[in-house]
Amino acid sequence: MSKEIGITVKKNEDFSEWYTQVVIKAQLTDYAPVKGLIVLRPYGYSIWEYIKSSVDQKLKATGHENGFLPVLIPESLLSKETTHFAGFTPEVFWVTHSGDTEIGDRLALRPTSETLAYSMYSKWIKSWRDLPLKINFWNSALRAEIKSTKPFLRTSEFLWQEGHTVHSTKEEAEEEVAVILDIYRRTVEDELAIPVILGKKSEKEKFVGAVYTTTMESIMPDGKALQMGTSHFLGQNFSKPFDVKFLDKQNIETFAWQTSWGVSWRLIGALIMVHGDDKGLVLPPRVAPIQVIIVPIYSSQSDKDAVLKKASELNDILTKKCLRSHIDSRDEFTPGYKFNDWEMKGVPLRVEIGPRDLPKNKMVLVQRDSLKKSDLSFDNAEDEIVKILNEIQRSLFEKAKKILSDRIQNIIDLEQFKKEIENGMFLYSPWCGDQKCEEMIKESTGADIRVIPFDGKRSNAPCIVCKNPSKIDVIFAKGY
RNA sequence: GGGACCGUAGUCUAGCUUGGUUAUGAUGCUAGCCUGGGGUGCUAGAGGUCGCCGGUUCAAGUCCGGCCGGUCCCA
């Protein structure tokens, strides 16, 4: 009976099913009536809001502003940069009618907004004084996913932010690309407690239309790599077709240098996969919509009054400390039910207050990550709770970091490579730089070059595939 | 891109092979009581276009086709 309410499979036995159950049962999301689309429920949206506000603050602090772009982009505009268009066109949703009238230049539901943004930018930018232009857009993008959709990881519409900047020099634009990647890294590592590897994408895997793409990658418990965010250097690839140019200080007309970058609600998917356990979600305190859940326990009416009074005192103290605390005063559920319910929802700390505790001026504290129980005195409750929340945040990160480093292996032999890729490893291997070798690996093992790490070490071994001298060492893995 | 499976009340589910009166059970929900420190117990009640459209038939949840939605595995 109890099994049917909670998560019915174990995370390490049936990972896909586990993930699906967690997102639905923890009430993060639900399926929309259209294939591949999901609805964010308040609990899920709330997590997105914390991610959003973390990124947003950092963007504002580095001189970015927010804007808004419409969802419809005319085909004529979308197709202006040809590689970009060719890359996206298989997954574009098209609007072909307005009412009963057919639309001549059909309209795309934005798969991404480079083309639209830059057609506007070309109007707004005239002089070197107009630069840099750094605008970010919080919106959704639509890319038709024909098969195997999965909430947060692969859906036909997703929430994200897309930033689009314009600079007068190549150097400044490249600096921007790095600044943004660092903002992403800090958000993901510090708030979501997920360690990442920073680096570049290969030519094959880069954003269509970019000069190069920088990325942060992490590994999921099933051994698949997940791209957590990307920051692209566009060079002048878009400024030329879209005529984004300015008069420089020498009065010379110059094409601008551009960047674009984004993170999506995919980060929520990563959060679930990395930290969750057999009981459901485990949320890092910094992004938990509720950080402390207070469960009052009572039987008689007089106990109830006393317990609720104490619970409410504690709640006030925690709220004043800017902690997100909530009392579960639902009368229709037993404490046991509530314990399981909040554990499934991943609330980092639970405080139980019952008649036994009141005379001792204490309460029972339970950590979600370790399920460790301890007694906590009322007198220094808030300091202790803050301390433990910080510990949980740190410990989740450390745990994930260990898993990531344990999963990285240096491999120079192809046979060993094939074996380890099946074991769900991140393989750090030498590569000659030839796309043919990259494709050969993809065909024979299903693995991609996930990232060419910035802090790459050189093995100086021959290319894992062709045995010619290698240029660099890169990380291969199967991806989402 | 290839394959397997599923859709019956808010949720899970029996019935479908072999068509036949009023669609099974649990959970959840509502009311009342009991209980409460790990998914509590009792009593009563409400809750259904059997995913949608069409076909076969005297008769379809059940058989056939199409569509919609979902899950899993492989590339």
Side-chain angles (χ1 to χ4, degrees), chain A residues 1-11 13-27 29-39 41 90-91 144-156 222-224 277-280 293-308 310-311 327-345 347 350-360 362-368 371-376 418 421-422 424 439-448 477-480:
Chain A
M1 169 194 66
S2 62
K3 294 283 185 223
E4 284 155 21
I5 312 172
I7 310 299
T8 61
V9 294
K10 293 196 183 306
K11 188 184 181 190
E13 283 173 10
D14 193 347
F15 187 69
S16 279
E17 175 66 19
W18 171 86
Y19 179 86
T20 306
Q21 287 195 16
V22 170
V23 293
I24 301 296
K25 292 186 175 178
Q27 300 185 351
T29 182
D30 205 350
Y31 294 104
V34 177
K35 184 180 176 57
L37 301 184
I38 58 167
V39 175
R41 303 183 67 174
E91 45 191 23
E145 292 292 347
I146 303 116
K147 283 203 68 168
S148 61
T149 59
K150 191 140 241 184
F152 297 120
L153 299 175
R154 182 167 295 145
T155 49
S156 288
D222 61 350
K224 287 193 200 163
D277 64 18
D278 289 348
K279 284 170 166 282
I293 183 69
I294 303 170
V295 180
I297 295 158
Y298 48 80
S299 47
S300 69
Q301 185 62 43
S302 60
D303 281 349
K304 179 178 174 178
D305 293 342
V307 162
L308 282 178
K310 204 70 182 170
I327 304 173
D328 187 352
S329 56
R330 292 177 294 179
D331 232 355
E332 65 272 29
F333 295 116
T334 61
Y337 181 96
K338 293 176 183 177
F339 298 165
N340 284 285
D341 193 37
W342 292 112
E343 277 165 2
M344 188 164 69
K345 289 184 170 166
V347 174
R350 175 173 82 239
V351 173
E352 305 172 17
I353 306 178
R356 284 183 224 158
D357 304 310
L358 295 182
K360 299 178 198 158
K362 70 167 192 68
M363 53 207 166
V364 175
L365 193 66
V366 185
Q367 295 181 217
R368 175 62 182 93
L371 299 175
K372 202 169 75 190
K373 285 193 182 189
S374 55
D375 280 348
L376 179 62
K418 287 177 179 169
I421 211 79
E422 287 310 310
E439 278 160 8
M440 188 262 151
I441 288 280
K442 174 72 177 172
E443 261 171 50
S444 60
T445 68
D448 299 309
K478 291 189 184 184
Y480 264 88

* Would you check if Asp278(A) and Ile7(A) make a side-chain contact, meaning some heavy-atom pair closer than 4.5 Å? =>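 Result no, sub-4.5 Å side-chain heavy-atom pair not found.
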* N/O donor-acceptor pair, side chain Arg350(A) with base G37(B), under 3.5 angstrom ->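 It does not, because no donor-acceptor pair links the side chain of Arg350(A) to the base of G37(B) below 3.5 Å.
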* Could you tell me whether the side chain of Asp341(A) has a donor or acceptor atom within less than 3.5 Å of a complementary atom in the base of G39(B)? =>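 Answer no: no donor N or O sits under 3.5 Å from an acceptor.
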* Asked: What one-letter contact string describes nucleotides 65-75 of chain B from 5' to 3', where B marks a base within less than 4.0 Å of any protein heavy atom, S marks contact via sugar-phosphate atoms alone, and - marks no contact?
  -> ----SSSSS--
Under 4.0 Å, counting only non-hydrogen atoms across every strand here, what does [X] touch: a base, just sugar-phosphate, or nothing?
X	answer
Lys373(A)	base
Val295(A)	nothing
Asp331(A)	base

Which of these nucleotides, [options], is closest to any side-chain atom of [X]?
X	options	result
Tyr298(A)	G38(B), G36(B), G37(B)	G36(B)
Phe333(A)	G38(B), C29(B), G36(B)	C29(B)
Glu352(A)	G37(B), G38(B), U40(B)	G37(B)

* Only one of Asp305(A), Asp303(A), Asp331(A) clears side-chain hydrogen bond (donor to acceptor under 3.5 Å, both in side chains) with Tyr298(A); which? ->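 Only match with Tyr298(A) under side-chain hydrogen bond (donor to acceptor under 3.5 Å, both in side chains): Asp331(A).
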* Of Lys11(A), Lys10(A), Arg368(A), the residue whose pairing with Asp277(A) passes side-chain hydrogen bond (donor to acceptor under 3.5 Å, both in side chains) ->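 Of all the options given, the one that passes is Arg368(A).
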* Could you tell me which nucleotide pairs with C5(B) by Watson-Crick or G-U wobble geometry, both distances under 3.5 Å, or answer none if nothing does? =>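 The base-pairing partner of C5(B), which may sit in any strand shown, is G70(B).
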* Partner nucleotide, any strand, of G28(B) [Watson-Crick/G-U, under 3.5 Å] ->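 Pairing partner: none.
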What is the distance from [atom1] of [X] to [atom2] of [N], rounded to the nearest Å?
X	N	atom1	atom2	answer
Ile297(A)	G38(B)	CD1	C1'	10 Å
Ile353(A)	G36(B)	CD1	C1'	16 Å
Lys25(A)	G39(B)	NZ	C1'	13 Å
Asn340(A)	G39(B)	CG	C1'	5 Å
Asp328(A)	G38(B)	CG	P	15 Å

* Glu145(A) versus Thr155(A), side-chain donor and acceptor atoms under 3.5 Å ->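 No, no side-chain donor-acceptor contact under 3.5 Å.
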* Asked: For residues Asp14(A) and Tyr19(A), is any side-chain donor paired with an opposing acceptor at under 3.5 Å?
  ->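 Tyr19(A) and Asp14(A) do not have a side-chain donor-acceptor pair below 3.5 Å.
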